[in-house]
**Q** 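Take this structure, written in structure tokens, and hold onto it; I'll ask about it next.
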Amino acid sequence: MMRALYSSVSGLKTHQTKMDVIGNNIANVNTVGFKSSRTTFSTMMYQNLSFASGANAQTGKGGVNAKQIGLGTSFASTAVDIDTGGASESTGKAFDLKLSDKNSTSFYIVNTGTENIFTRAGAFYVDGAGNLCMESTGYTVMGWQVDANGNIRKDTVSPLKIMSTDNQTSNPEYTTRGVCTGILDDNSPNVNSDEGYAMNLNFYDNLGYAYTARFAVQKTGDKGEYTVNLTDILDSNGKSIVSSSGTKLSDLFGTASGQGSNVFITDNYTMASGMAGALKRLASTPNVTTAGGPGTLTYTYPASVVNQYLSYTKKDPATNTSTKYELPEGYSVQYTVEVPDNPANNKMVILDKSGQPITDATKYPFDAGWLNNTDQITKVVNLRDKLEGWLDGNKLDDVTADITSAPAQGTTVYKIGTDYLQQIVEEFPDKFPAGTIADSTLNITVEVSGTTANPVYNINTNGAAAPWDQLAGNTPETFTQDLTFADFLDYGYLSVDVEQINEKGIFTEKLPPDVEFRYYQGDGHFEIVTPSTDGFKMQFSTADGSLNYIGQQGNMTQTLKMSNFKMTGDNPNPFSDIQIDFSTLKNLANGESSTAAMASGGEGGVGEGKMVGTLIGLSVEQSGKIYGSYSNGNTALLGQIAVARFSNASGLESIGNNCYRSTMNSGDFDGIGVEMDSDGSSIDSGTLEMSNVDLASEFTQMITTQRGYQANSRVISTSDGILEELVNLKR
């Protein structure tokens, strides 16, 4: 009977132990990464009352089984359900990480400061030292570091210091690529202006400093022909780095063949206070070619000036046709004046677009009294031509007498207004002294008679005194004014040496050494234009408006050669050449509006360049790789979480705080670990693994445990009753 008592006592103890395990499971039902346990019992030793005997063939007696009485139960083991994953809880926190196993059970590796242990609880955070740690214990999470080339080095695991000093910033990158896209419209006002259509390219040097390259596009030829020029490069404070360094614009963006055009950049520079007189003296100082000899001043007349003031129209009376001679756009006339003045030694030359002299008399009739490359240049200005022009342009005052007979024979009289009389005085100053127009009796009319094909002009002054009476009669053809280029010096500009301008500090900042500086003596105004060697010709297809080439056939890109930028002292050049792709630029009608624009970077942002970036975000990939996001758009690999796997994960020793230690039966950790996705497993960011405790199962186990405990207690009470009856036998 005592055996029954002790057997039941062992039953009570084991069921109590099982209840302890169930209680622990239920207590940890909401513990992150908790793995439930189950208990197993085993029978205790048996008492043999008799041993088994075999059959005896001689006596014919059969065998007898052993007589054994069990002495109770014992607690055999606890088995941790380590392989069953818990439910997922979405948190949205980047460092709440869930291990989603595919074929094997994985564990995070954490370090207590003295040893590496293991956990499934992925609630991590970044501590004040920048280490990735467990929230509950502060144990550092272990993983692999990044080498100098930005690759993961899978050697011995070490603490993941993902917010180290080096990781706080992302290195800047200089710009190497650019693109020009959009539409150029032939009728856009800007592309037809002296300043051109402006485009900016923002770029970075190797230290992350920002700069802006200014470009200008001009329509410079027949339909589809443009040029693009570099006009300046500014730093982030708006200061020109080209002028301050003495770098040539043409060295940065240009060609020796002179494909660019002269873009006006006057507004980019400001004259220093009180330097107007110094500039005038510098511009007016003649160039002395020999010691003690005369000096020279060279005036340049752009085609627009020549055509406005000195154009020549040749008439053929027999056919009543006219041929007008003008210089093409981009051509110019250079007139060199000897100082002291000696007209006999003055020289003139016509220059084409590339600055080469020309002497084509068929296009530019030197022998017909227009442009003459001899010493004296004479221009005949015909008053009758001006009257015809005013009449054809409806610029004369109202008609004072209508046609009096048939149109072919009629006479129409026009009155010349005061404004146009003033123009006659200005054009013929030697014929009409100042003040003569104030004569109140002056009444000049133009009578047009004859046939429409051959009109006759008669100018009447109504008896006005000389010199106006010279206009009377029908002979205005004979009234001419001989002018030389010297009479138009105020309309030509003097080229001033930029080096001398910079030496004298005439402007608040230095000018690029290869710009052209034009000074007009008449009113003292000046123009600063880019050199013709700065820039490239762009030719577009007239069929579909696409770019045929830039610079030369076959080229769809050009390079901003920042490697040619001049640095002061021994400072290294911080720039890279920037290849600019123009292939998507179009020449199309767009409502007289151009939309062309430049942007840094090629396809996919390659070569865009970046300023220095600060760490603004962290993320974890499914492989465990940790990336940092930076304010400059960069993403950098900062490290990788390594995991540990064991041949017998259930053999790990649970040491509290959701952590485990390896044992002889779990297998050893090799100190390196494995990559989470090596077997198709993953780490899910923003999610935690909850406990795998199944409450339904636990409550069921609780019921059976309770019943087992009750049954054992009944055995004890029943055994006690039997013993009591035995004792009562003595009475």
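Small disclaimer: the values here were computed from a predicted structure and weren't measured.
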**Q** Once side chain to side chain donor-acceptor pair (under 3.5 Å) is applied, do any residues pair with S77, and if so which ones, sequence neighbours excluded?
**A**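 Listed in chain order: T40.
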**Q** So, for V146 and L638, which heavy atoms are closest and what is the spacing to 0.1 Å?
**A**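 What the structure gives for the nearest pair is CG2-C, 3.5 Å.
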**Q** Enumerate donor-acceptor pairs with a distance under 3.5 Å from any side-chain N or O in residues 611-624 to protein atoms, sequence neighbours excluded.
**A**
from, atom 1, to, atom 2, distance (Å)
T614, OG1, S631, OG, 3.3

**Q** Does anything in residues 128-184 form a ring pair (Phe, Tyr, Trp, His ring centres under 6.0 Å)? List the pairs, not counting sequence neighbours.
**A**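 Listed by first then second residue: nothing to list.
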**Q** Output all residues satisfying side chain to side chain donor-acceptor pair (under 3.5 Å) with T31, sequence neighbours left out; order by chain, then residue number.
**A**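 N28.
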**Q** Checking E135 now: which residues fulfil salt bridge (charged side-chain N to carboxylate O under 4.0 Å, His left out) with it, not counting sequence neighbours?
**A**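 E135 satisfies salt bridge (charged side-chain N to carboxylate O under 4.0 Å, His left out) with K93 only.
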**Q** Going by the rule side chain to side chain donor-acceptor pair (under 3.5 Å), which residues pair with T270 if we only count those two or more places apart in sequence or in a different chain?
**A**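 Testing T270 for side chain to side chain donor-acceptor pair (under 3.5 Å), a comparison that skips the adjacent residues, returns none.
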**Q** Considering only residues two or more places apart or on different chains, which pairs with a residue in residues 684-715 satisfy ring pair (Phe, Tyr, Trp, His ring centres under 6.0 Å)?
**A**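 Every pair satisfying ring pair (Phe, Tyr, Trp, His ring centres under 6.0 Å) with a residue in residues 684-715: there are none.
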**Q** Determine which pairs satisfy salt bridge (Lys or Arg N to Asp or Glu O under 4.0 Å) with at least one residue from residues 141-163, sequence neighbours left out, and list them in order.
**A**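 Every salt bridge (Lys or Arg N to Asp or Glu O under 4.0 Å) pair that includes a residue of residues 141-163, provided the two are not neighbours, is R153-D155, K154-E675.
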**Q** Apply the ring-ring contact (aromatic ring centres under 6.0 Å, His included) test between Y660 and each candidate in F669, F107, Y108; give the one that qualifies.
**A**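 Single pass found, and it is F107.
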**Q** Among residues at least two apart in sequence or on other chains, which ones pass salt bridge (charged side-chain N to carboxylate O under 4.0 Å, His left out) with D514?
**A**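 Counting only residues at least two positions away or on another chain, D514 forms no salt bridge (charged side-chain N to carboxylate O under 4.0 Å, His left out).
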**Q** Donor-acceptor pairs are to be reported for all side-chain atoms of residues 594-606 against protein atoms at under 3.5 Å, with residues two or more places apart or in another chain.
**A**
from, atom 1, to, atom 2, distance (Å)
S594, OG, D185, N, 3.0
S594, OG, S188, OG, 3.4
T595, OG1, I183, N, 3.0

**Q** Between the side chains of D20 and Q16, is a donor N or O closer than 3.5 angstrom to an acceptor N or O?
**A**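 On atom types as modelled, these side chains qualify, holding a pair under 3.5 Å.
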**Q** Report the residues that fulfil salt bridge (charged side-chain N to carboxylate O under 4.0 Å, His left out) with K35, sequence neighbours left out, ordered by chain and then residue number.
**A**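 By the salt bridge (charged side-chain N to carboxylate O under 4.0 Å, His left out) rule, K35 matches E689.
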**Q** In chain order, what residues pass the salt bridge (charged side-chain N to carboxylate O under 4.0 Å, His left out) check against R645, with sequence neighbours excluded?
**A**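 R645: salt bridge (charged side-chain N to carboxylate O under 4.0 Å, His left out) contacts with D679.
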**Q** Report yes if some heavy atom in the side chain of M702 is under 4.5 Å from a heavy atom in the side chain of I26; otherwise report no.
**A**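 Yes, their side chains come closer than 4.5 Å.
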